[in-house]
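Quick note: residue numbers are just sequence positions, from 1.
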Amino acid sequence: MLFEEKIGLLHQLLDEKPVSWFGPTRAPLRSADVYPKTDSGRLSTWVGVGGIPKSVPRTAQYGFRLILAIIGGAPDRFTPCVDLYRKASRQFGMTAQPVGLHSPGFVAATDEEARELSHPGYKSTRDRIGMQRGWPALCGEEFKAEVGRDRCTSARSKRWRPRSLTRSGCSTRAGSA
């Protein structure tokens with residue numbers, strides 16, 4: 001209930017007009033306004049989703065942009081969330097907005113150096129999160145698969161493309177979600 005109520009209030013506030021609102025999780029608003037105003041008259045808003053499918057239709061319902069928060073693993077696993085977002089947008093009579101992706105990264109002089117330097121911190125963080133979620137500890141082979149050059153592609157989907165970013169520059173393989 002809390003998320004639904006807050007996202008509904010946010011949606012109203014983004015119109016940059018006074019809002020009167022009542023609900024069980026916060027004090028009521030009476031003709032509340034938000035400043036400063038934008039030139040466009042509405043803030044562009046993204047809603048982060050960590051792979052919980054029920055959050056995706058709510059994002060589409062309000063016409064918000066979707067950003068996928070990926071702790072680890074192949075982004076292909078989130079393709080169903082993108083598909084659901086597009087389907088829900090149509091069902092709510094909205095235009096599906098661009099979809100973004102956020103995933104941890106590490107920049108070093110070379111890809112190999114990045115893998116070597118990032119492993120201890122990545123493992124520590126991943127194991128801490130995994131302990132809370134019932135995941136096994138990260139093993140060396142899983143880490144290699146996580147940071148592998150082709151981990152983002154599969155025969156089923158070529159929408160997700162890996163990116164190599166080093167201090168000397170950025171090389172990308174163009175793609176979109």
Side-chain angles (χ1 to χ4, degrees), residues 1-108 114 118 121-122 124-126 128-129 132-133 152 157 159-177:
M1 177 195 325
L2 179 63
F3 183 83
E4 290 89 352
E5 188 172 293
K6 300 286 180 163
I7 199 169
L9 175 57
L10 174 64
H11 185 259
Q12 288 183 47
L13 290 169
L14 292 174
D15 286 332
E16 298 186 3
K17 297 176 183 163
V19 171
S20 293
W21 183 87
F22 303 90
T25 62
R26 61 152 288 123
L29 298 175
R30 290 180 182 82
S31 297
D33 217 342
V34 177
Y35 295 95
K37 304 293 185 188
T38 64
D39 291 337
S40 69
R42 183 166 179 84
L43 288 173
S44 176
T45 304
W46 296 72
V47 173
V49 173
I52 299 171
K54 71 178 187 176
S55 299
V56 173
R58 286 190 298 237
T59 302
Q61 177 182 0
Y62 290 103
F64 292 141
R65 294 173 181 196
L66 175 69
I67 188 156
L68 300 168
I70 300 177
I71 294 170
D76 273 17
R77 295 178 309 120
F78 288 80
T79 299
C81 288
V82 175
D83 295 339
L84 178 59
Y85 173 72
R86 291 183 176 143
K87 179 181 177 184
S89 293
R90 285 190 304 273
Q91 289 175 337
F92 286 113
M94 306 298 262
T95 300
Q97 300 295 318
V99 174
L101 178 138
H102 172 268
S103 186
F106 193 93
V107 178
S118 69
Y122 181 86
S124 173
T125 300
R126 165 58 174 71
R128 185 178 67 250
I129 292 168
Q132 296 169 353
R133 297 180 180 191
C152 297
S157 171
R159 290 192 275 188
W160 306 101
R161 302 284 197 229
R163 178 179 291 182
S164 174
L165 177 65
T166 63
R167 287 191 186 117
S168 62
C170 175
S171 74
T172 63
R173 285 186 258 171
S176 63

Q: Centre of Tyr85's six-membered ring, under 6.0 Å away, within 45 degrees of the axis: is that where NZ or CZ of Lys87 sits?
A: no

Q: For Gln12 and Val19, work out which heavy atoms get closest and say how close.
A: OE1-CG1, 3.4 Å

Q: Please report the closest heavy-atom contact between Ser20 and Ser31, naming both atoms and the distance.
A: OG-N, 3.0 Å

Q: To check you understand the geometry: which heavy-atom pair defines the closest contact between Arg58 and Ser55, and what is its length?
A: NH2-OG, 3.3 Å

Q: If I take atom CG from residue Leu84 and atom NZ from residue Lys54, how far apart are they, to the nearest 0.5 angstrom?
A: 13.5 Å

Q: List the residues meeting salt bridge (charged side-chain N to carboxylate O under 4.0 Å, His left out) with Lys17, not counting sequence neighbours, and say none if there are none.
A: none

Q: Okay, side chain of Glu5, backbone of Thr25: is any donor-acceptor separation there less than 3.5 Å?
A: yes

Q: OG1 of Thr95 to CZ of Arg90: how many Å apart, nearest 0.5 Å?
A: 11.0 Å

Q: Looking at every heavy atom in both Thr59 and Arg65, which two are closest together, and how far apart are they?
A: CG2-O, 3.7 Å

Q: Check whether any side-chain heavy atom of Arg30 lies under 4.5 Å from a side-chain heavy atom of Phe22, and answer yes or no.
A: yes

Q: Answer yes or no: is there a side-chain heavy-atom contact under 4.5 Å between His102 and Leu68?
A: no

Q: Looking at side-chain heavy atoms only, is the closest gap between His11 and Thr45 below 4.5 Å?
A: no

Q: Where is the tightest heavy-atom contact between Ala60 and Ala88, given as atom of each residue plus distance?
A: CB-CB, 3.7 Å

Q: Run the side chain to side chain contact (heavy atoms under 4.5 Å, CB included) check on Arg26 and Leu9 step by step: do they pass?
A: CA-CA 11 Å; Arg26 61 152 288 123; Leu9 175 57; 3.6 Å; yes

Q: Are side-chain heavy atoms of Leu14 and Phe64 found at a separation under 4.5 Å?
A: yes

Q: Please round to the nearest 0.5 Å and tell me the distance separating atom OH of Tyr62 and atom CD1 of Ile7.
A: 6.5 Å

Q: Are Ser89 and Arg86 close enough that a side-chain donor and a side-chain acceptor fall under 3.5 Å?
A: no

Q: Going from OG1 on Thr79 to CG on Asp76, what distance comes out if it is rounded to the nearest 0.5 angstrom?
A: 5.0 Å

